[in-house]
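Data block below; observations after.
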Amino acid sequence: MRTQVAIIGAGPSGLLLSHLLAADGIESVVLETRSEEYVAGRIRAGILEQSTVDLLREVGLGDRLDREGDPHRGIYLQWPGERHHLDFVDLAGRSVFVYGQTEVQKDLVAARTAAGQEIHYEISETALHDTASSGSGTDRPSVTFTDRAGVAQRLEADVVVGCDGSFGPSRQTVPQAVRRTWEKTYPYSWLGILADVAPSTDELIYARHPDGFAMHSMRSATVSRLYLQVPNDTRIDDWSDDRIWDALATRLGHGQDGWHLTPGPVTDKSVLPMRSFVQQPMRHGRLFLAGDAAHIVPPTGAKGLNLAVADVALLAPALVALLQKDHPGLADAYSDAALRRVWRCTHFSWWMTTMLHTSGDPFDEQLQLAQLRWVTSSEAGATGLAENYAGLPIGY
Ligand code: FAD
Ligand code: DHB
């Protein structure tokens with residue numbers, strides 16, 4: 001098989017890249033280990049930044065988002081006895097949308113299927129070859145894999161893009177002498193639930209509490225998404241639905257100032273570890289990395305999906321210029337341009353995480369409260385949070 005761009009991974013970064021490339025006449029083939037249903041059903045991110053929404057609209061993926069997505073002006077930040085609303089529109093002139101990653105994925109699959117995009121699901125043994133080559137003559141990169149029917153395949157391409165998430169093989173094919181990585185693990189995880197109950201709040205609540213962080217998010221007028229900070233070795237079986245709702249009620253302030261948390265049937269429950277990770281450069285020879293394949297942020301602040309979208313928004317025009325006009329300038333600049341934003345969001349996600357999660361250290365606790373008081377009482381403090389949360393422009 002032969003194509004212009006071999007894309008490894010059919011998550012949001014891989015499918016959006018294939019969509020952006022196709023709009024400029026560049027052909028791609030997408031390879032994915034999981035089934036289409038599995039990828040579509042994964043419960044993950046829920047918040048889209050203004051620039052993500054603008055981009056999806058621009059490229060014809062905004063119809064259902066505009067009908068079913070829920071624009072939000074801001075968030076609540078709280079700690080025992082205090083709840084403060086930060087209005088991103090007033091502070092930074094930008095807002096966010098509640099629209100689940102599952103829905104973004106469905107819209108992408110529908111658009112790519114309608115366009116006849118070649119996507120191979122349920123492949124195995126993905127291996128990248130000759131990605132450091134010049135790409136000219138017979139010196140071409142390729143990806144080998146075993147297809148769903150068990151047949152060994154080779155896909156030759158002008159470039160290979162690793163959109164294969166945090167556990168994919170692409171980033172490891174950058175030689176060790178070239179790549180540099182940074183990693184931080186956190187001493188806590190999130191227990192996340194999805195529940196068939198109307199949200200008990202109009203805006204997301206981020207709560208610092210002595211028992212640990214809690215968050216109230218949502219997916220629609222009838223579906224709530226909530227998270228609890230839990231220790232890293234937490235077994236999901238130790239947390240009955242009642243125990244989860246009790247902890248959420250305590251940490252989110254049920255009963256304070258007339259606010260009530262309404263529990264409901266839990267339809268999904270999982271424990272998510274938290275990690276910061278960056279690998280650079282995000283390009284080596286004819287291999288480009290995008291999304292979680294190159295960087296992972298802890299979820300506080302909802303940057304993961306938005307960063308994946310921003311990467312491919314920078315990468316698509318770079319590949320179009322390289323492959324259609326033989327102009328390498330944007331492709332050469334891609335890694336540095338993407339990493340500028342990646343490190344900004346890595347800092348923001350770390351900052352939100354460490355401001356809101358309890359570590360057990362009494363000194364940390366006082367610093368966190370001092371920071372929360374400043375962010376909620378100073379316009380400069382609040383604006384910094386709003387600007388980062390609602391998202392910096394793609395070309396930041
Ligand atoms: P992915 O969505 O991970 O897609 C990568 C794809 O590559 C996968 O489909 C995978 O199956 C495929 N793949 C892997 N290996 C191979 C291979 N060898 N060959 C072919 N294909 C391969 N972000 C937020 O902003 N808020 C959240 O609440 C949030 N919650 C999350 C919860 C979980 C459990 C996880 C894992 C992530 C969460 N994130 C969240 C992060 C966000 O979902 C990711 O940043 C986003 O999915 C990144 O998109 P991606 O396309 O780069 O990677
Ligand atoms: C969601 C997840 C986040 O990490 C966050 O900061 C806000 C919302 C969510 O899943 O809805």
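Model, not experiment: these values are computed from the prediction.
Hydrophobic clustering (ILVMFWY, side-chain heavy atoms < 4.5 Å, transitive): M352 and W374 are in one cluster. Residues L228 and I193 fall within the same hydrophobic cluster, defined by Ile, Leu, Val, Met, Phe, Trp and Tyr side chains chained together at heavy-atom separations under 4.5 Å. Follow the hydrophobic side-chain contacts under 4.5 Å out from V109 and you reach L61 in the same cluster. Linking ILVMFWY residues whenever their side-chain heavy atoms come closer than 4.5 Å, directly or via other members, leaves F348 and W182 in distinct clusters. A single hydrophobic cluster is seen to contain both L369 and M215, as judged by linkage of ILVMFWY side chains at heavy-atom distances under 4.5 Å, directly or through other members.
Residue E183 qualifies as enclosed at atom CD: its count of foreign heavy atoms under 6.0 Å is above 12. Within a 6.0 Å sphere centred on CG of D257, other residues, nucleotides and ligands contribute 12 heavy atoms or fewer. Under a cut-off of 6.0 angstrom, the local environment of CG in D361 is crowded, with over 12 non-hydrogen atoms contributed by other residues, nucleotides or ligands.
A salt bridge does not link R219 to D70: none of the charged nitrogens lies less than 4.0 Å from a carboxylate oxygen. Using a 4.0 Å cut-off between a side-chain N of Lys or Arg and a carboxylate O of Asp or Glu, E32 and R112 do not qualify as a salt bridge. A salt bridge links R57 with D66: the closest approach of a Lys/Arg side-chain nitrogen to an acidic carboxylate oxygen falls below 4.0 angstrom. The existence of a salt bridge linking E49 and R94 is excluded, since no basic side-chain nitrogen approaches an acidic carboxylate oxygen closer than 4.0 Å. Looking at K269 and D237, no side-chain N of the basic residue comes within less than 4.0 Å of a carboxylate O on the acidic one, giving no salt bridge. Salt-bridge annotation for R73 and E203: absent, with no side-chain N of the basic residue lying under 4.0 Å from a carboxylate O of the acidic one.
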Worksheet item: Between E122 and R34, does a salt bridge (charged side-chain N to carboxylate O under 4.0 Å, His left out) hold up when you go through it step by step?
Response: CA-CA 5 Å; E122 295 174 67; R34 303 290 196 160; over 6 Å; no
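A donor-acceptor contact shorter than 3.5 Å links the side chain of S240 to the backbone of R243. Side-chain atoms of Q4 come within 3.5 Å of backbone atoms of E27 as a donor-acceptor pair (strictly under, hydrogens ignored). Not one N or O on the side chain of D24 forms a donor-acceptor pair closer than 3.5 Å with the backbone of I26.
Taking the centre and axis of the six-membered ring of Y76, the NZ or CZ atom of R83 falls inside the cone set by 45° and 6.0 Å. Both tests pass for R340 against the ring of Y396: distance under 6.0 Å to the centre and angle within 45° of the axis.
Proximity of Q368 to F363: side-chain heavy atoms (C-beta onward) are nowhere separated by under 4.5 Å. Counting heavy atoms from C-beta on, the side chains of L77 and L372 come closer than 4.5 Å.
Side chains of W259 and Q78: no donor on one and acceptor on the other come within 3.5 Å.
Aromatic ring pairs are classed by plane angle as parallel below 30°, tilted from 30° to 60° and perpendicular above 60°; the pair H357 and Y188 is parallel. A parallel orientation is assigned to the rings of F213 and W190, their planes being inclined by less than 30° (bins at 30° and 60°).
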